[in-house]
Amino acid sequence: MHSLKRGVFISFEGVEGSGKTTQAEALVEWLARSQIPHIFVREPGSTSVGEAIREILLNPVNKEMHPKCEVLLFLAARSQLTYEKILGALNQKKVVVADRFSDSTIAYQVYGHDLPARMVAILNRFATAGIKPDLTFLVDIDVDTGRQRSAGNDRMEKRDAQYHERVREGYLRLARRAKKRIKILDGSKPVDVLSNEVIVQVKQFLARKGHKP
Ligand code: Z5A
C-alpha cells in the first residue's frame, strides 16, 4: 500500500460527450492497481442528497427552472459532497478523483448562462470551504462530436448548440487563466492514448508532491 504525504484532489472537466467520465474511470482503475488510496465522486451526485438534487437538475420535466435556481442546486449538491466525502478523504491523505467540480459551474452557469462571475465565485467558496482541485484535466472536444457521442436526453443536454459552444469557450478561457492546474487533453484521440497521457501526468504530479511509488 502506498501512502501520500497529503490528500490530492484531481478533477475531470469537459462538455457533454467529451469522454471525461471514461478518463476519470481509467485513472481510478490505475489508482486501484497501484494500491493508492482514493475515492471517486461525480457531480452532481455521489451522496444521497446530491443524487436527489441531480434528478431534479437533469429531469427534462423541469424546463421552467431559472438559472439562479439551477446554480444554487449545483452548489447545494457540491456542498453536501464536500462536507460528507471530499474533506474527510483529503484529511485521510487519499486521492480524490472528481467527475466535474467548480469549473463546471463557471463554464455552464457563468459562461453558458451569463450569471455574474463574482457572485458565483463567492457562493462556490461558501459551499466548498474554499477547496479547489490541485490538478484538472479538461477533455476538449468540438461540440458536435461530443453531442453525437452523448445520449442528449437530459434537461442540460437538450440546450442548443450555441449554449454548449459558450461552455466550451468558457472552459478554454479558464484553462488559459490557470495553465498550471488545468491540463487540456485532445478528446478526439483514442481512449487508450488519452488514459496513458493522464496516467503519465498524474504520476509526475504525485512524484512532485513527494509520493514514492
Ligand atoms: N453541470 C452544470 O451545468 N454545472 C455544474 O456545476 C455541474 C454540472 C457540476 C451533468 O453532468 C450535467 O450537469 C452536465 C453539466 C451540468 N450537462 N451537460 N450537458 P454529467 O457529467 O453527468 O453529464 P455529461 O457531461 O453530459 O456526461 P456525458 O455525456 O456522460 O459525457 P462524458 O462524461 O464527457 O463522456 P463519457 O461518458 O466518458 O463518454 C461518452 C461516450 O463517448 C461513451 O459512449 C464513450 O464510450 C465514448 N467515448 C469516450 N471517450 C472517447 C474517445 N476518446 N473516443 C471515442 N469515443 C469516446
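Counting convention: from 1, in listed order, for ligands and their atoms alike. This chain uses plain numbering: 1 for the first residue, then up along the sequence. In this text, all values refer to a predicted model and were calculated from it rather than measured experimentally.
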At the 4.0 Å heavy-atom cut-off, does [X] count as touching ligand 1?
{"X": "V15", "answer": "yes"}
{"X": "R159", "answer": "no"}
{"X": "R54", "answer": "yes"}
{"X": "R78", "answer": "yes"}
{"X": "E25", "answer": "no"}

Considering only the protein, which heavy-atom contact is closest to [atom], and what is its distance?
{"atom": "atom 26 (O) of ligand 1", "answer": "E157 OE2, 2.9 Å"}
{"atom": "atom 8 (C) of ligand 1", "answer": "F74 CE2, 3.3 Å"}
{"atom": "atom 28 (P) of ligand 1", "answer": "G17 N, 3.8 Å"}
{"atom": "atom 11 (O) of ligand 1", "answer": "R100 NE, 3.2 Å"}
{"atom": "atom 53 (N) of ligand 1", "answer": "K189 O, 2.8 Å"}
{"atom": "atom 10 (C) of ligand 1", "answer": "L58 CD2, 4.0 Å"}

Just jot down the ligand 1 atoms closer than 4.0 angstrom to any heavy atom of [X], in number order.
{"X": "S150", "value": "29 (O)"}
{"X": "H164", "value": "19 (N)"}
{"X": "Q109", "value": "2 (C), 3 (O), 4 (N), 5 (C), 6 (O)"}
{"X": "G187", "value": "53 (N)"}
{"X": "E43", "value": "9 (C)"}

A quick test of your reading: do over 12 heavy atoms of other residues, nucleotides or ligands sit less than 6.0 Å from [atom1] of [X]?
{"X": "K183", "atom1": "NZ", "answer": "yes"}
{"X": "M65", "atom1": "CE", "answer": "yes"}
{"X": "R118", "atom1": "CZ", "answer": "no"}

Please say whether [X] places an N or O atom under 3.5 Å from an N or O atom belonging to ligand 1.
{"X": "T105", "result": "yes"}
{"X": "R149", "result": "yes"}
{"X": "Y163", "result": "no"}
{"X": "L194", "result": "no"}
{"X": "M156", "result": "no"}
{"X": "T21", "result": "yes"}
{"X": "S18", "result": "yes"}
{"X": "T22", "result": "yes"}

Is it the case that [X] and [Y] place a side-chain donor and acceptor less than 3.5 Å from each other?
{"X": "R100", "Y": "Y108", "result": "yes"}
{"X": "E13", "Y": "S104", "result": "yes"}
{"X": "T136", "Y": "S11", "result": "yes"}
{"X": "S195", "Y": "D192", "result": "no"}
{"X": "E169", "Y": "Y111", "result": "no"}

Heavy-atom distance under 4.5 Å between the side chains of [X] and [Y], does that happen here?
{"X": "D99", "Y": "F40", "value": "yes"}
{"X": "W30", "Y": "K203", "value": "yes"}
{"X": "M156", "Y": "L57", "value": "no"}
{"X": "F101", "Y": "R78", "value": "yes"}

> Given the protein's heavy atoms, is any one of them under 4.0 Å from atom 34 (O) of ligand 1?
Replying inline: yes
> Could any protein non-hydrogen atom be found less than 4.0 Å from atom 43 (C) of ligand 1?
Replying inline: no
Shortest non-hydrogen separation from [X] to [Y] and the atoms involved:
{"X": "R168", "Y": "D142", "result": "NH1-CA, 3.5 Å"}
{"X": "D140", "Y": "I184", "result": "CB-CG2, 3.9 Å"}
{"X": "I141", "Y": "S188", "result": "CD1-N, 3.6 Å"}

> Do the numbers put R208 on top of the ring of F205, so that NZ or CZ is under 6.0 Å from the six-membered ring centre and no more than 45° off the axis?
Replying inline: no
> If you measure from each non-hydrogen atom of K20 to ligand 1, which part falls under 4.0 Å: side chain, backbone, both or neither?
Replying inline: both
